[in-house]
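Both counts, for ligands and for their atoms, begin at 1 and track the order of listing.
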Amino acid sequence: MDTIPFLDLTPQNEPLRSELEAATARVIASGQFTLGPEVEAFEAAFADYCGTKYAVALNSGTAALHLGLLALGVKPGDEVITVAHTFFATVEAILYVGARPVFVDIHPRTLVMDTRVVERAITPRTRAILPVHLYGNPVDMGALKEIADRHSIPVLEDACQAHGAVHRGKRVGGWGAAAAFSFYPTKNLGTLGEGGILTTDDQKVLDIAHSLRNHGQSGVYRHDKVGFNYRMTAFQGAVLNTKLPRLDDWNADRRRLAECYRGALEGSGVEVVAETPESESVYHLLSILVSDRDQVQQALADRGVQTRVYYPKPLHRQPAVDMKRYAGTKLPVTDSSAARVLCLPLWPGMRDEKVEQVVAQLKEVLT
Ligand SMILES: *Cc1c(COP(=O)(O)O)cnc(C)c1O
């Protein structure tokens, strides 16, 4: 049997090769290599895609989270409610602004923020809530917004894995006061390099993010604030303009493959992570929960099936955060999920028989 990689980007990028080369040539001919018309066109197209008024293109998803928190006015000593089952950047952004992450547990079936436990984590110092649409699966934003609005606390969505995901008929990115997306090459919408974007309906958030991404300038060489160099390059803008019109097809393919996995695994006892009710996940990752996860992963690798673990160590247990501070933090679902989660191969353009091969190997390993 052939080996099955975890991810293969060729079916996505190869059919677009000549268009991508033309886009790159357009940028070279224009002589404008950072921000400029390609980036502005992408900002307008992506805001339109998410159903938001504005979008600010940046050089990473991490930068988008950072500027999102600053634009919402999060300050040193403030608390930000989030989850520990996510990529480290979610928490890095909170630490950049000197705020304190307050971790709540995740839902045992969907592995995203459990909105039932959010309200009791709110204190007078809570300045923002940062839900993560992990694996492309939306948080129950309807329930979360209701709690946040009742307490007048703004929500910043970490949508870095969820471009195009829908909750109650509305795309993620348009639910919070602002939302951060990443265009890291493996994301559902990936560039040929690094990139990110902040979406919002709020003109104030837009103005702050515009200024801070470009050294705090409000006019030419007039610096009102100390900012950053978080600008998106023109090459990334041109690549993303080429790829955005394909995103819905790629996501539909991901959803179709996820259905294949679900069907093939039915009755096998393997638990596939569930979609949040009233939501459509875009399956950035197809994740299952298994006991003896590390042995299962090794046995699959021995049979030529590559899998990955996102994420093996919850963030309140990472040496870079002040672990002592979280000694009393109890996140039983987060801990048990981190020990059992395993992500299976899935990419747009993956052939159905590959899914069947993965499932056949998995069933053998589990018997
Ligand atoms: C990828 C990712 C980020 C960071 O995005 P970069 O573009 O790599 O900086 C943040 N949060 C989550 C959940 C991610 O998956």
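- Heavy-atom contacts of Ser60 reach the following atoms of ligand 1: 7 (O), 9 (O) (cutoff under 4.0 Å).
- Ranking the protein heavy atoms by distance from atom 15 (O) of ligand 1 puts Gln161 NE2, 2.8 Å first.
- The part of Cys160 lying near ligand 1 is the side chain, judged by heavy-atom distances below 4.0 Å.
- Taking distance alone, with nitrogen or oxygen atoms compared against 3.5 Å, Gly61 approaches ligand 1 more closely than that limit.
- Taking the six-membered ring wherever Trp is involved, the centroid distance between the rings of His163 and Phe183 falls below 6.0 Å.
- Counting only N and O atoms by type, the side chains of Glu275 and Tyr283 include a donor and acceptor under 3.5 Å apart.
- Between Tyr184 and ligand 1, no pair of N/O atoms sits closer than 3.5 Å.
- Side chain of Arg255 to backbone of Ser281: a donor-acceptor contact under 3.5 angstrom is found.
- In terms of polar-atom proximity, defined here as any N/O pair under 3.5 Å, Asp158 does make such a contact with ligand 1.
- Near Thr86, meaning under 4.0 Å from any of its heavy atoms, are these atoms of ligand 1: 13 (C).
- Under a 3.5 Å cut-off, the side chain of Thr276 and the backbone N or O of Pro138 do form a donor-acceptor pair.
- The closest protein non-hydrogen atom to atom 7 (O) of ligand 1 is Ser182 OG, 2.6 Å.
- Ranking protein heavy atoms by distance to atom 9 (O) of ligand 1, first place goes to Thr62 OG1, 2.5 Å.
- Protein heavy atom at the shortest distance from atom 1 (C) of ligand 1 is Lys187 NZ, 1.5 Å.
- The cationic atom of Lys170 (NZ for Lys, CZ for Arg) lies less than 6.0 Å from the six-membered ring centre of Trp175 and within 45° of the ring axis.
- The existence of a salt bridge linking Arg17 and Glu14 is confirmed by a sub-4.0 Å separation between a basic side-chain nitrogen and an acidic carboxylate oxygen.
- Side-chain contact annotation: Thr62 with Glu92, donor-acceptor N/O pair under 3.5 Å absent.
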